[in-house]
Colleague: 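Got a structure here, written out as structure tokens. Questions coming.
As the structure lists them, so they are numbered: ligands from 1, and atoms in each ligand from 1.
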Amino acid sequence: MKPKLFLVLSWVAFIIFLLLLVTLNYLIYPRLHTITKELPIIFFILSALAVLIIGGGLLLLTLTTITKMDLLYPHGKKQITVRVLLPIVTLLGKILQIHPDKIRLSYIALNNTLILVTKKRIKTNSLLLLLPHCLQWSECPQRITRNITDCKKCGKCVIGELNSKYLNKFTKIAVATGGSIARKIVVDARPDLIIAVACERDLLSGINDAYPIPTYGITNKRPYGPCFNTQLDLKELEKALELFGKNNKT
Ligand code: SF4
């Protein structure tokens, strides 16, 4: 999935946002004017500022994605634009009957692209690999949420291979059973960069929750349905390590 879908929907969302603001200005002008003459002008200036910040942010995101040049520097804050536009993009997706996961995947692709483009500015001394609990074989008796090394490496799930080959490639590998645990792990570990594995929905919220720590997202595979014996394509993990793993602790 590419960032294009999310960016196109974001521009449509921005135009809707713009039209809403224009309509709002038009509708409330007479009321504000009856209170004081300055109030409509103040409201107009605030509206124009909002349009400039969000439109400018979206333009920078789009140009950065297309040119692969770090145009976000020093304005590395994509959050305002994304936070305002994401609900409208989600609503648009519903109206246009686009599956939410398609939009989320495109957002994750945009996020990963921006991380790659801004890579030179990201420290990778401390690298956290954050995994979902559903990667563990459902009948495994071992408790790996406290410590991944409690895994017996029986080979029934990917946790064993992560234990054998990847422990020394990350500063920390942690398994989260939910969003609040994931947030706590991130707060405790304070990594420079997170490589997170999860479903599209959890990745999207995780990327936004972890901000300003950059989070590179890898979606899990779900051959048995959601949240059950999910899988991780280790090639994708290797790719992420090639990109970010050179300077991390061993
Ligand atoms: S590889 Fe580890 S976590 Fe997976 S089923 Fe075996 S012991 Fe359990």
Colleague: Counting C-beta onward and ignoring hydrogens, is there a side-chain heavy-atom pair between V197 and P132 closer than 4.5 Å?
Modeller: yes
Colleague: Does a donor on one side chain and an acceptor on the other come within less than 3.5 Å for T124 and D192?
Modeller: no
Colleague: Other hydrophobic cluster members with L27, side-chain heavy atoms of Ile/Leu/Val/Met/Phe/Trp/Tyr under 4.5 Å, chained?
Modeller: Y26
Colleague: What do you reckon, is CZ of R222 surrounded by more than 12 foreign heavy atoms closer than 6.0 Å?
Modeller: yes
Colleague: If the plane angle is over 60° it's perpendicular, under 30° parallel, otherwise tilted; pick one for Y29 and H33.
Modeller: parallel
Colleague: Protein N/O/S atoms under 2.8 Å from atom 6 (Fe) of ligand 1: how many?
Modeller: 1
Colleague: Have Y107 and N208 got a donor and an acceptor in their side chains that come within less than 3.5 Å?
Modeller: yes
